[in-house]
Chemist: 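Below you will find the structure I want to go over with you.
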Amino acid sequence: MLKILEQTNHEPYRAVLDAISTEYPLYLTEALDGEQVTGYIVYAYEPEAVAIHTVNDGGDLYLCDGLVRSVLFKGLLRGLNRAVFLLKDDGMMQNMQKLRFVKNDENTLGNIAEIMDNCKSCRKS
């Protein structure tokens, strides 16, 4: 069974975290299949938006969607309705476009609540 959980032990990710330049505290969420880590996402809560810095989904677009949505939902719970994708990996930015988190060459999602509402309508289909 897949679990997506915030990871407080950042030592295994020290090199990834040290490569990110931000003045805000970084958070890390892992996707776990049993005991095995299948992906992770690194993000920060900025004053106006959730900033997503790194996504590692092991090549699984559905896992990517789940990781990003989990972080967007956590941002909503903190009163943030915008997200900015600061991903250095062009392929991952293309995934954000495929998943409709961003449009064209933009890196900002202006309305998280709208994306989450669209997810509800998918279940009705």
Chemist: Begin from the C-alpha positions of Y40 and D57 and carry the test side-chain contact (heavy atoms from CB on, under 4.5 Å) through to its verdict.
Modeler: CA-CA 7 Å; Y40 63 87; D57 60 14; over 6 Å; no
Chemist: Between atom CD1 of I115 and atom CZ of F101, what is the distance when rounded to the nearest 0.5 Å?
Modeler: 6.5 Å
Chemist: Distance check, rounded to the nearest 0.5 Å: K74 atom NZ versus I41 atom CD1?
Modeler: 9.5 Å
Chemist: Nearest 0.5 Å, please: how far is CG in D90 from CG in N95?
Modeler: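 The distance works out to 11.5 Å.
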Chemist: Show me the donor-acceptor pairs, under 3.5 Å and distance only, between side chains in residues 7-18 and residues at least two apart or in other chains.
Modeler:
unit_1 : atom_1 : unit_2 : atom_2 : d
Q7     : OE1    : N9     : N      : 2.8
Q7     : NE2    : E30    : OE1    : 3.0
N9     : OD1    : E11    : N      : 3.2
H10    : NE2    : Q7     : O      : 3.1
Y13    : OH     : E30    : OE2    : 2.4

Chemist: Shared ILVMFWY cluster between V71 and Y45, side chains joined below 4.5 angstrom?
Modeler: yes
Chemist: Could you tell me whether a side-chain N or O of N81 sits under 3.5 Å from a main-chain N or O of I112, the two making a donor and an acceptor?
Modeler: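 Such a contact is found between N81 side chain and I112 backbone.
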Chemist: Show the nearest heavy-atom pair for residues L87 and M92, with the distance to one decimal.
Modeler: CD1-CG, 3.6 Å
Chemist: Mind running side-chain contact (heavy atoms from CB on, under 4.5 Å) on L72 and V68 for me, showing each step along the way?
Modeler: CA-CA 6 Å; L72 295 178; V68 173; 3.9 Å; yes
Chemist: Donor-acceptor pair, distance only, cut-off 3.5 Å: does the side chain of T22 make one with the backbone of Y24?
Modeler: yes
Chemist: List the atom of Y27, the atom of A44, and the distance in Å for their closest heavy-atom pair.
Modeler: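 Result for this residue pair: CD1-CA, 4.4 Å.
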Chemist: Count the heavy atoms of every other residue, nucleotide or ligand shown that sit under 6.0 Å from CZ of F73, and state whether that count exceeds 12.
Modeler: no
